[in-house]
Amino acid sequence: MDDVPPAEGDTAPLAQRLSGHLARLVTIAVASEAGQDTTAEQLALQARPLQTEPLPGERRAATAHLRRLGWTANELHDRLTALRRIKEAA
């Protein structure tokens, strides 16, 4: 999603998938006590409102929302991997 936004029909399903992945990562962070790590805690705090925020109707705003979801999921995944709370993706 760097320079090419997803097709309009793909926006809502992608937002739903990213929100689900983010929810699972937050659950792992909480369950594994990764909250003791300030970076992981901050990312989990950022993730919670993003998960429940409705997808904006305007295309640019929707793409920005998808980018925030994706970025937060990626950063939290990387942090949990570094903390050895999850295995590195192949």
Side-chain angles (χ1 to χ4, degrees):
M1 287 192 317
D2 292 335
D3 295 329
V4 181
E8 274 190 56
D10 294 339
T11 303
L14 185 54
Q16 189 174 19
R17 285 180 53 206
L18 286 170
S19 291
H21 293 313
L22 197 50
R24 284 186 284 285
L25 289 168
V26 169
T27 299
I28 291 167
V30 171
S32 68
E33 299 179 359
Q36 295 174 0
D37 178 79
T38 56
T39 303
E41 182 179 19
Q42 183 63 33
L43 289 166
L45 289 173
Q46 287 175 6
R48 288 191 173 125
L50 275 176
Q51 293 169 244
T52 58
E53 187 177 311
L55 184 64
E58 196 272 317
R59 187 161 166 76
R60 278 188 171 161
T63 300
H65 180 70
L66 289 175
R67 286 183 174 139
R68 284 192 302 275
L69 282 169
W71 181 88
T72 305
N74 183 64
E75 292 298 310
L76 186 53
H77 177 271
D78 287 351
R79 191 65 192 154
L80 290 172
T81 301
L83 294 169
R84 298 179 187 260
R85 301 301 198 267
I86 58 176
K87 291 182 181 180
E88 187 172 351

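Quick note: numbers below take in every heavy atom, side chains included, and nothing from hydrogens, waters or symmetry partners. Quick caveat: nothing in here was measured; it's all calculated off a predicted structure.
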> Please walk me through it: do Trp71 and Leu43 pass side-chain contact (heavy atoms from CB on, under 4.5 Å)?
Replying inline: CA-CA 10 Å; Trp71 181 88; Leu43 289 166; 4.0 Å; yes
>> What's the separation between atom CD in Glu75 and atom CD in Gln46, rounded to the nearest 0.5 Å?
In response: 9.5 Å
> If every non-hydrogen atom of Ala12 is compared with every non-hydrogen atom of Leu55, which pair is closest and at what distance?
Replying inline: CA-CD2, 3.7 Å
> Atom CG in Leu25, atom CD in Gln51: separation rounded to 0.5 Å?
Replying inline: 9.0 Å
> Could you state the interatomic distance from CZ (Arg79) to CZ (Arg85), rounded to the nearest 0.5 Å?
Replying inline: 9.5 Å
> Got more than 12 heavy atoms from elsewhere within 6.0 Å of CD, Gln16?
Replying inline: no
> Rounded to the nearest 0.5 Å, how far does CZ of Arg17 lie from CG of Asp10?
Replying inline: 9.5 Å
> If you look at every heavy atom in Thr11 and Ala62, which pair is closest and at what distance?
Replying inline: CG2-CB, 3.9 Å
> Between Thr72 and Leu69, is there a donor-acceptor pair closer than 3.5 Å when you use the side chain of the first and the backbone of the second?
Replying inline: no
>> How long is the straight-line distance from OG1 of Thr63 back to CZ of Arg59, given to the nearest 0.5 Å?
In response: 5.5 Å
> Atom NE2 of His65 and atom CG of Leu50: how far apart are they, to the nearest 0.5 Å?
Replying inline: 6.0 Å
>> Hydrophobic clusters here meaning ILVMFWY residues chained together by side-chain heavy-atom distances under 4.5 Å, can you tell me if Val30 and Leu80 are in one?
In response: yes
